[in-house]
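See structure below.
Numbers here simply count residues along the sequence, with the first being 1. Atoms within a ligand are numbered from 1 in the order they appear, just like the ligands themselves. Just the heavy atoms: all of them, side chains too, but no hydrogens, waters or symmetry mates, feed the values below. What you see is a predicted model; the values in this text were computed from it and never measured.
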Amino acid sequence: MNQIHLIVDLSLISNGTVSHRTGLPLWTTVLVKPVLKLALGHWPTEQTCLSIPFFWYRNIEATMSNNTSHLLEDAQSRMADIYERLEVADDSRHRLGQPKRIHQASLSVRMDDGSLRVFPAWRVQYDDTRGPTKGGIRFHPNVTEDEVATLSLWMTLKCAAVDLPFGGAKGGVCVDPKTLSRLELERLSRGYIRAFHDVIGPDRDIPAPDVNTNAIVMGWMVDEYAQIARQHVPGVITGKPLGLGGSIGREEATGAGALLVMDLWAKRQNKEPHELSVAIQGFGNAGQNFARLAHHAGYKIVALSDSQGAIYNEDGLDPEPILRHKNRTRELKGMVYCGDSVCDAAATEMQTLSGDELLQLDVDVLVLAALENQITDANADHIRAKTIVEIANGPISTGGDQILQGRDITVIPDIVANAGGVIVSHLEWVQNRMGDYWSGDTVEKQLRQRLEREANACFDLADEKAVPLRTAAYLQGVRRIADAMAQQGTQGYFSDADG
Ligand code: NAD
């Protein structure tokens, strides 16, 4: 039977929109959540993805049609000013105005109980002018095509901003992976590769880990690709386990790179690490590595949060025992995901906070390492940090950014702050292609060289043009992409040739 994948925005139910449009009393619509729980086997999130038969869709569509978010539109709105400043040719503006290719698939996965579930999945290749496209794969219940496309645009800008020979892509599956067993997760990961194997490849499009995917998941994926291709192709995926052709240093690269950029920034402000207090939102791969390394470097980490809550100690806390606690569950799902929350690790000298309270702490540096749109025009007025480091992609909306700018809060933008991950992914890809592997020192030296050069160039450009760091980073990236597009031929070039 034909299936439609519907992202249901449950806020439309709680805020009464559905009740208003259907004329049903509000109390009847609140039953939707328990009904979804029965159908899905877990409580639905605010934006839940459902696979439903086509004939149901027609009725539901009428009541819930404006459920799509506008992340890509918001991200694109930041580009107009950049095009103007760089006098980018219309051809390039048109090409960067939408993704080059959007691939969609439905992944049918056999559950352990014998039932079959179907998960919507995407691979979006935004632009490949500067090289094969590159970008992670996200497993999350809120994944939508709009989100994946937006993340692929940011990957395009990031790879260009740090001068890697890559375009940008992203992948995603609308799934709550923590409700799956390990075997179900493996089947889903292999299913993703079966669905998209013909559009990825070491010279075409190279996936990597992102939210809720990691080296274990990449290992299953690279193995599935090899089985289909009937040969070893380690360069098709980065962030793999070392035994399958991964690179030393990839696991911690995003956190290490963000620390490198923060160090550079602190030096420019004549600040020593011990003088700076830091709060970190998001304690996954990127946030944990950043927290651990920043603590060793002497920064005072005062607060940490994950999706369950936050912990705080104004005298500073050591992330290592919290990390050990979070990673303690080493069985079943714990082998793939951390089972416990940071809150369970709170010792007596620590205070627990809500996630929102962490964002509003009076700290020198707020590090955002979770998801998009954490600071928007709804809460930007309450932020008290002096500097924000974006490890997550797109954690501040355009509206939120403008408010922070007006309040003189410095934002070190994602496309530079979190570029350490893709830089070491590039090093992994180079090693795979050479068939030879480097020491940790070599990887670290190459990461440092590229990131210091590109971050310093961005900081200098911001000073020279008197623009925010995000504008400078976008100028740096878009200029390189527009130059490459111009070198392929522009309207001006062909008009001149005619004349
Ligand atoms: P992850 O899945 O390992 O961790 C995500 C963390 O965020 C988890 O600890 C989760 O509990 C937490 N979280 C989710 N919602 C939250 C909320 N509302 N408040 C507080 N914490 C919350 O993912 P990751 O790989 O660490 O990625 C995090 C971010 O960094 C994403 O935006 C990702 O795109 C970006 N990023 C990651 C890499 C990488 O190499 N892993 C590279 C570049 C950018």
Side-chain angles (χ1 to χ4, degrees), residues 45-46 71 134-143 147-148 150-152 154-155 158-159 162 168 170-172 176-178 207-218 238-240 246-247 249-258 261 279-292 303-311 319 322-323 326-327 336-345 353-359 366-376 379 389-396 413-426 428 447 451:
T45 55
E46 276 297 278
L71 209 53
K134 183 91 191 76
I137 300 171
R138 175 173 295 196
F139 289 174
H140 196 278
N142 292 350
V143 164
E147 181 187 49
V148 180
T150 311
L151 290 162
S152 72
W154 289 331
M155 280 307 297
K158 187 192 309 183
C159 290
V162 295
K170 205 79 182 187
D176 183 353
K178 290 174 190 171
D210 191 69
V211 173
N212 287 331
T213 55
N214 55 18
I216 298 173
V217 173
M218 294 305 113
T238 59
K240 304 175 289 290
S247 173
R250 175 59 186 87
E251 190 93 19
E252 55 270 29
T254 304
V261 175
I280 303 171
Q281 184 206 38
F283 203 54
N285 171 295
Q288 287 175 8
N289 281 301
F290 176 86
R292 194 172 50 78
L304 296 169
S305 73
D306 61 15
S307 55
Q308 310 297 310
I311 50 176
I322 301 161
L323 191 58
K326 203 169 149 70
N327 289 336
V336 181
Y337 302 120
C338 298
D340 296 354
S341 163
V342 289
C343 301
D344 301 334
L353 301 176
S354 72
D356 285 346
E357 284 169 328
L358 176 135
L359 292 180
L366 172 64
V367 176
L368 301 174
L371 293 168
E372 305 90 69
N373 279 345
Q374 298 302 300
I375 298 180
T376 63
N379 62 354
V389 178
E390 293 185 324
I391 294 186
N393 288 303
I396 304 177
D414 46 8
I415 65 168
V416 173
N418 72 24
V422 72
I423 292 175
V424 178
S425 272
H426 171 246
E428 180 175 331
L447 165 66
L451 197 50

Can you name the one residue among Ile375, Val389, Ile280 that meets side-chain contact (heavy atoms from CB on, under 4.5 Å) with Leu366?
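Passing option: Ile375.
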Ile423, Val416, Asn393 screened by side-chain contact (heavy atoms from CB on, under 4.5 Å) with Lys158, the one that passes
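So, applying the side-chain contact (heavy atoms from CB on, under 4.5 Å) to Lys158 and each of Ile423, Val416, Asn393, only Asn393 qualifies.
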Donor-acceptor under 3.5 Å ([X] side chain, [Y] main chain):
X: Thr213; Y: Asp210; answer: yes
X: Glu428; Y: Gly239; answer: yes
X: Gln288; Y: Phe283; answer: yes
X: Asn212; Y: Phe139; answer: yes

Asn418 N/O to ligand 1 N/O under 3.5 Å:
no
Considering both backbone and side-chain atoms of Phe283, is one of its nitrogen or oxygen atoms within less than 3.5 Å of a nitrogen or oxygen in ligand 1?
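Yes, at least one N or O pair falls under 3.5 Å.
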Listing request: all salt bridge (Lys or Arg N to Asp or Glu O under 4.0 Å) pairs with a residue in residues 414-423, at least two apart in sequence or in separate chains.
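Pairs touching residues 414-423 that pass the test: Asp414-Arg470.
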Whether Arg138 and Glu372 form a salt bridge (side-chain N of Lys/Arg under 4.0 Å from carboxylate O of Asp/Glu) is what I want to check.
yes
Minimum-distance protein heavy atom relative to [atom]:
atom: atom 33 (C) of ligand 1; result: Asp210 OD1, 3.3 Å
atom: atom 20 (C) of ligand 1; result: Asp306 O, 3.2 Å
atom: atom 10 (C) of ligand 1; result: Ser307 N, 4.0 Å
atom: atom 42 (C) of ligand 1; result: Thr254 OG1, 3.2 Å
atom: atom 8 (C) of ligand 1; result: Gly284 N, 3.9 Å
atom: atom 23 (O) of ligand 1; result: Val211 CA, 3.6 Å
atom: atom 2 (O) of ligand 1; result: Asn212 N, 2.9 Å
atom: atom 3 (O) of ligand 1; result: Asn285 N, 2.9 Å

Taking 4.0 angstrom as the limit and counting only heavy atoms of [X], give me the atoms of ligand 1 inside it, by number and element.
X: Ala370; answer: 7 (O), 13 (N), 16 (C), 21 (N), 22 (C), 28 (C), 29 (C), 31 (C), 32 (O)
X: Gln374; answer: 18 (N)
X: Arg138; answer: 31 (C), 32 (O), 33 (C), 34 (O)
X: Arg250; answer: 40 (O)
X: Ala286; answer: 26 (O)

For Ser305, state whether at least one heavy atom is located under 4.0 Å from any atom of ligand 1.
yes
Distance only, no hydrogens: is a donor on one side chain within 3.5 Å (strictly under) of an acceptor on the other, for Thr238 and Arg250?
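Short answer, no.
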State the NZ-SG distance between Lys134 and Cys159, to the nearest 0.5 angstrom.
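With rounding to 0.5 Å, NZ (Lys134) is 8.0 Å from SG (Cys159).
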Quick one: look at Ala253 and ligand 1, take heavy-atom pairs under 4.0 Å, and tell me if it's side chain, backbone, both or neither.
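Under 4.0 Å from ligand 1, Ala253 contributes no heavy atoms.
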Just to verify, what does Asn285 make a side chain to side chain contact (heavy atoms under 4.5 Å, CB included) with, not counting sequence neighbours?
Glu251, Asn289
